[in-house]
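Read through the structure below, which is laid out as structure tokens, and then see the notes.
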Amino acid sequence: EQESRPTTTTEYSVPPTTAYTPSPADRAYEMLIQEVPVLGRNTRTDVEDMLGTVCKVIDGADGDFSVAGDVVVSSSAGSFDFTYSDAGAILGAAVIIRCPEWASAASDFANS
């Protein structure tokens with residue numbers, strides 16, 4: 001007579017993965033470095049400090065992004081030599097990261 005033993009089955013379930021979702025600021029920073037690679041030579045803190053300065057330019061221009069873009073381009077002459085395309089990326093990143101109070105005006109400008 002054969003003895004019957006209870007069988008046990010072990011089921012392995014895959015643990016849920018937690019995907020890293022970058023914050024809007026992280027995504028804006030990454031896109032800025034892709035669009036304006038020369039900024040990648042600086043630390044993120046230095047870049048964000050520059051973006052804070054750009055926000056002061058936007059404030060001083062009362063949200064006129066054309067004027068702010070002109071200031072970014074002209075103030076970079078001889079150093080970074082930003083183009084207007086660069087200025088657009090910089091203004092966009094500044095609004096997302098450092099001065100979100102201008103988001104609505106920036107959206108209106110971008111869609112005009």
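Note that these values count all heavy atoms, side chains included, but never hydrogens, waters or copies made by symmetry.
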Report whether [X] and [Y] are members of the same hydrophobic cluster (ILVMFWY, side-chain heavy atoms less than 4.5 Å apart, transitive linking).
X: L32; Y: V38; result: yes
X: F80; Y: I33; result: yes
X: F65; Y: V71; result: no
X: V72; Y: M50; result: yes
X: I90; Y: F109; result: yes

All N/O donor-acceptor pairs, side-chain side in residues 95-108, below 3.5 Å, sequence neighbours left out:
unit_1	atom_1	unit_2	atom_2	d
R98	NH1	E48	O	2.4
W102	NE1	D59	OD1	2.6
S107	OG	N111	ND2	3.4

Straight-line distance of D64 CG to I58 CD1, nearest 0.5 Å: 10.5 Å
Atom pair SG/CG of C55 and L91 - distance to nearest 0.5 Å: 9.0 Å
Looking at every non-hydrogen atom in both residues, tell me the closest pair between A61 and A68 and how far apart they are. CB-N, 4.4 Å
Once side chain to side chain donor-acceptor pair (under 3.5 Å) is applied, what residue pairs with a partner in residues 77-95 remain, sequence neighbours excluded? D70-Y84, T83-D86
With heavy-atom distances below 4.5 Å as the criterion, would you say the side chains of L39 and F82 are in contact? yes
Less than 3.5 Å apart, which donor and acceptor atoms pair up between the side chains of residues 22-31 and the rest of the protein, not counting sequence neighbours?
unit_1	atom_1	unit_2	atom_2	d
S23	OG	A25	N	3.4
S23	OG	D26	N	3.0
S23	OG	D26	OD2	3.4
D26	OD1	R44	NH1	3.0
D26	OD1	R44	NH2	3.0
D26	OD2	Y20	OH	3.0
R27	NH1	P22	O	2.7

